[in-house]
Amino acid sequence: MEDAILKFERLLNENVNYFPTISSEILEAKISGKWSKKEILGHLTDSAIHNLVRFTEINYVEKPYQHRPYNQIDLVNLNQYQTMDIDELTQLWFVINKQIIRIMKSVDNEALDYKIVLSDGSIIDLKFLMTDYVTHLEHHINQIR
């Protein structure tokens with residue numbers, strides 16, 4: 001977990017001040033059927049919101065934890081990330097992820113083994129979900145950069 005947390009912190013710190021420097025034209029450029037860079041950052045914000053809930057809920061709800069998917073496309077559209085101020089969007093993304101880092105740093109080894117049932121019936125554990133979250137974050141940050 002330590003490596004994932006270090007990578008996570010690096011990704012946040014390298015990009016919190018970088019995203020607002022990207023021109024609006026680049027951030028908001030749309031290709032048919034694809035999200036703009038700004039919408040990708042919005043998607044990362046939605047992902048952070050949902051994973052913050054998952055990473056905390058798993059500690060007090062009945063086990064195994066039932067993973068609930070969310071409609072990513074609808075949320076990006078409903079939250080209007082394309083028209084949101086980039087400074088506000090970046091700060092929202094950053095602050096939620098700082099809280100996730102706090103949770104990840106405080107999770108104990110027993111909790112990392114908590115089982116999670118995905119919507120397709122497959123089973124993962126909290127450690128996998130947390131490390132996969134960092135991988136997902138890195139993938140989309142690379143799309144923005």
Side-chain angles (χ1 to χ4, degrees), residues 1-20 22 27-145:
M1 277 306 301
E2 190 175 320
D3 289 343
I5 293 168
L6 289 172
K7 179 189 274 190
F8 192 0
E9 289 178 315
R10 179 182 53 77
L11 289 167
L12 288 184
N13 293 329
E14 286 176 354
N15 291 289
V16 67
N17 294 318
Y18 171 70
F19 291 155
I22 303 171
L27 282 172
E28 295 171 6
K30 301 257 308 175
I31 298 171
S32 180
K34 302 268 186 184
W35 283 331
S36 69
K37 292 178 184 300
K38 193 186 264 188
E39 288 172 320
I40 293 169
L41 183 56
H43 164 67
L44 288 175
T45 302
D46 290 334
S47 178
I49 292 166
H50 282 83
N51 280 291
L52 177 59
V53 170
R54 292 170 180 151
F55 298 162
T56 54
E57 262 187 351
I58 195 168
N59 291 285
Y60 61 83
V61 298
E62 185 178 329
K63 312 294 185 289
Y65 183 78
Q66 300 296 313
H67 181 277
R68 296 178 311 276
Y70 60 97
N71 191 317
Q72 300 172 10
I73 295 169
D74 284 347
L75 281 178
V76 166
N77 294 330
L78 288 166
N79 282 301
Q80 302 172 31
Y81 295 124
Q82 182 71 354
T83 60
M84 191 171 179
D85 177 81
I86 189 59
D87 292 317
E88 290 178 13
L89 178 55
T90 302
Q91 286 304 308
L92 180 61
W93 168 78
F94 181 72
V95 171
I96 296 167
N97 278 294
K98 290 292 284 186
Q99 182 61 23
I100 291 174
I101 288 173
R102 283 186 201 89
I103 298 298
M104 289 174 77
K105 284 181 172 181
S106 68
V107 70
D108 63 34
N109 286 332
E110 180 183 335
L112 288 173
D113 291 331
Y114 288 160
K115 299 303 176 216
I116 300 168
V117 180
L118 301 179
S119 58
D120 67 1
S122 58
I123 297 175
I124 60 172
D125 58 26
L126 181 59
K127 181 177 182 178
F128 177 85
L129 188 63
M130 286 181 163
T131 55
D132 187 60
Y133 176 75
V134 176
T135 301
H136 172 260
L137 181 76
E138 182 177 39
H139 166 73
H140 284 305
I141 284 174
N142 288 337
Q143 289 179 317
I144 296 169
R145 292 185 73 90

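Note: hydrogens, waters and symmetry copies are ignored here, and every other heavy atom, side chains too, is used. Note that the numbering runs from 1 along the sequence shown for the chain.
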Y18/T90 under side chain to side chain contact (heavy atoms under 4.5 Å, CB included): CA gap, chis, key distance, verdict: CA-CA 9 Å; Y18 171 70; T90 302; over 6 Å; no
Sub-4.5 Å side-chain heavy-atom contact between [X] and [Y]:
| X | Y | result |
| --- | --- | --- |
| L12 | F8 | yes |
| Q99 | I103 | yes |
| F94 | N13 | yes |
| Q72 | D46 | no |
| K37 | L41 | no |
| N77 | I73 | yes |
| L44 | L137 | yes |
| I86 | I22 | no |

What closest approach, in Å, do [X] and [Y] show between heavy atoms, and which atom pair accounts for it?
| X | Y | value |
| --- | --- | --- |
| E57 | Y65 | OE1-OH, 2.6 Å |
| E39 | S36 | OE1-N, 2.9 Å |
| P20 | N15 | CD-O, 4.4 Å |
| N59 | Y114 | OD1-CE1, 3.9 Å |

Pair E14 + R145: basic N to acidic O under 4.0 Å: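 Answer for the salt bridge query: no.
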Under a 3.5 Å distance rule, please check whether [X] uses its side chain to pair with a backbone N or O of [Y] as donor and acceptor.
| X | Y | result |
| --- | --- | --- |
| K63 | V61 | yes |
| K38 | M84 | yes |
| R68 | R54 | no |
| N79 | Y81 | no |
| S47 | H43 | no |

Which value, rounded to the nearest 0.5 Å, describes the distance between [X] atom [atom1] and [Y] atom [atom2]?
| X | Y | atom1 | atom2 | result |
| --- | --- | --- | --- | --- |
| D85 | E88 | CG | CD | 4.5 Å |
| D87 | N17 | CG | CG | 10.0 Å |
| I5 | I100 | CD1 | CD1 | 12.0 Å |
| I123 | K115 | CD1 | NZ | 8.0 Å |
| I124 | L118 | CD1 | CG | 4.5 Å |
| I101 | L52 | CD1 | CG | 12.0 Å |

Sequence-distant partners of F19, ring-ring contact (aromatic ring centres under 6.0 Å, His included), two or more places apart: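 Applying ring-ring contact (aromatic ring centres under 6.0 Å, His included) to F19 gives W93.
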Chi angles and distances behind the side chain to side chain contact (heavy atoms under 4.5 Å, CB included) call for K105, E9: CA-CA 11 Å; K105 284 181 172 181; E9 289 178 315; 2.7 Å; yes
Candidate pair D113 and K127, rule side chain to side chain contact (heavy atoms under 4.5 Å, CB included), full reasoning: CA-CA 7 Å; D113 291 331; K127 181 177 182 178; 5.8 Å; no
Aromatic ring pairing Y70/H50, orientation class (parallel under 30°, perpendicular over 60°, tilted between):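 Aromatic pair Y70/H50 classed parallel.
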Test side chain to side chain contact (heavy atoms under 4.5 Å, CB included) applied to V134 and M104, step by step: CA-CA 11 Å; V134 176; M104 289 174 77; 4.1 Å; yes
